[in-house]
Amino acid sequence: MTDPVHDPSAATPESPVDRADPVAVWRRAAPDAVLLDGFHALKHAVRFGAEVLVAVTADRAAALALADELAADVRDALAALLTEVPHATYASLVPRPHPTAVAALAVRPDRAGNLAKLAHAPRTAPVVVLDQPRNLGNAGAVVRLAAGFGATGVVTTGTLDPWHPTVVRGGAGLHFATAVERLTVGELPPGPLFALDPEGEDIRSLKLPDDALLAFGSERTGLTAELRARADHLVALPMRPQVSSYNLATSVAMTLYHWSATGGASA
């Protein structure tokens with residue numbers, strides 16, 4: 001499909017043809033698009049098949065130098081997408097300028113497609129469930145972890161939007177590498193639900209199945225009563241007495257590592 005911003009067949013990576021005004025394209029697309037904030041978010045989104053509508057940078061040469069160093073596999077694709085604009089213009093398009101001075105807008109993955117991936121049976125990797133999360137950055141870090149371990153997806157309950165720009169920034173664009181959606185507890189996909197709780201069975205004594213739902217409550221309030229009632233198993237991470245809790249992303253990392261180290265499918 002031809003990109004709406006440019007025709008890749010009419011340009012070389014180093015000498016792009018004149019394109020539609022990227023700022024005008026940005027203003028039209030922004031209300032419904034996913035903000036990819038920074039070079040790494042754009043790199044991962046392209047690597048995992050995102051449909052990028054427009055991409056800008058305040059320093060095209062520096063962005064492509066980063067691509068040469070860190071993302072040779074998508075370097076040409078990034079070169080064809082990126083349009084250089086003045087730094088003030090770039091800064092006006094994003095809530096908080098990124099050190100790499102790169103930003104893009106992409107089409108959010110189809111919800112129906114994500115729900116189908118989450119519900120597909122048999123699942124070969126768990127779904128991470130964040131029960132009423134509060135911190136946008138932590139949610140983004142969890143998406144990044146889930147993508148790294150090859151989890152089927154990340155589901156949030158409650159009011160936090162898992163596609164909020166701050167979450168996508170924290171996830172480094174890896175929302176496009178796994179299925180990310182917000183659901184109610186009643187809408188969770190099928191599968192045995194293992195909920196992390198200090199009163200649960202020590203995780204070291206368990207083998208987590210590939211089709212598990214791995215649920216984590218907020219650091220402050222823990223699991224909601226609704227999620228706890230849905231749980232099939234309560235599971236505890238090892239923790240020194242008098243230590244209150246682990247960071248949410250740390251808990252997810254420990255649990256996914258345990259799954260992978262005890263026979264979970266490789267990413």
Side-chain angles (χ1 to χ4, degrees), residues 118 123-162 164 166-167 169-172 174-175 178-267:
L118 292 167
R123 273 196 305 270
T124 58
V127 173
V128 175
V129 179
L130 302 184
D131 187 30
Q132 301 275 359
R134 295 287 184 265
N135 186 282
L136 295 166
N138 272 344
V142 168
V143 171
R144 192 168 184 173
L145 282 165
F149 277 99
T152 295
V154 176
V155 169
T156 64
T157 70
T159 60
L160 183 144
D161 177 9
H164 185 283
T166 302
V167 183
R169 180 171 175 145
L174 285 163
H175 284 59
T178 190
V180 179
E181 291 295 338
R182 177 169 51 179
L183 301 173
T184 66
V185 171
E187 294 171 332
L188 291 176
L193 195 153
F194 291 75
L196 276 289
D197 184 271
E199 301 304 316
E201 185 177 355
D202 191 317
I203 195 171
R204 292 171 292 186
S205 68
L206 299 173
K207 185 177 186 299
L208 300 173
D210 292 344
D211 65 344
L213 305 178
L214 305 176
F216 302 81
S218 71
E219 293 169 34
R220 178 169 296 182
T221 60
L223 298 166
T224 62
E226 186 181 12
L227 193 290
R228 185 185 290 271
R230 164 70 172 79
D232 298 294
H233 308 274
L234 295 180
V235 181
L237 294 170
M239 185 183 297
R240 181 180 179 179
Q242 299 183 312
V243 174
S244 299
S245 67
Y246 293 120
N247 171 273
L248 174 62
T250 300
S251 296
V252 175
M254 293 170 70
T255 305
L256 286 175
Y257 178 79
H258 177 78
W259 163 72
S260 69
T262 54
S266 60

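Source: prediction; values computed, not measured. The first residue of the sequence shown is numbered 1, and numbering continues consecutively from there.
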Exercise: identify the closest heavy-atom pair between [X] and [Y]:
X: A249; Y: L145; result: O-CD1, 3.1 Å
X: A146; Y: L256; result: CA-CD1, 4.1 Å
X: P238; Y: I203; result: CD-CG2, 4.0 Å
X: T124; Y: W259; result: O-CZ2, 3.8 Å
X: R204; Y: H258; result: CA-CE1, 3.9 Å
X: A195; Y: A231; result: CB-CB, 3.8 Å

Would you say that [X] contacts [Y] through its side chain, given a criterion of any heavy-atom pair below 4.5 Å between the two side chains?
X: L136; Y: L160; answer: yes
X: V128; Y: T255; answer: no
X: L213; Y: R230; answer: yes
X: V167; Y: D161; answer: no
X: L130; Y: L248; answer: yes

Step-by-step side-chain contact (heavy atoms from CB on, under 4.5 Å) determination, L183 to V129: CA-CA 9 Å; L183 301 173; V129 179; over 6 Å; no

Test item: T166 side-chain N/O and G137 main-chain N/O as donor-acceptor pair under 3.5 Å: no

Donor-acceptor pair, side chain of R123 and main chain of D210, under 3.5 angstrom: no

What's the spacing between [X] [atom1] and [Y] [atom2] if we round to 0.5 Å?
X: F216; Y: S251; atom1: CZ; atom2: OG; result: 6.5 Å
X: H164; Y: T156; atom1: NE2; atom2: OG1; result: 12.5 Å
X: H175; Y: E181; atom1: NE2; atom2: CD; result: 10.0 Å
X: L188; Y: E226; atom1: CG; atom2: CD; result: 8.5 Å
X: T159; Y: Q132; atom1: OG1; atom2: CD; result: 6.5 Å

Criterion side-chain contact (heavy atoms from CB on, under 4.5 Å) on L208 and T262, from CA distance to verdict: CA-CA 8 Å; L208 300 173; T262 54; 5.7 Å; no

side-chain contact (heavy atoms from CB on, under 4.5 Å) between M239 and L237, intermediate numbers included: CA-CA 6 Å; M239 185 183 297; L237 294 170; 5.6 Å; no

Candidate pair L234 and R228, rule side-chain contact (heavy atoms from CB on, under 4.5 Å), full reasoning: CA-CA 8 Å; L234 295 180; R228 185 185 290 271; 3.6 Å; yes

Under 3.5 Å side-chain donor-acceptor pair for T157 and D131: yes

Aromatic plane relationship, H233 with F194 - under 30° parallel, 30 to 60° tilted, over 60° perpendicular: parallel

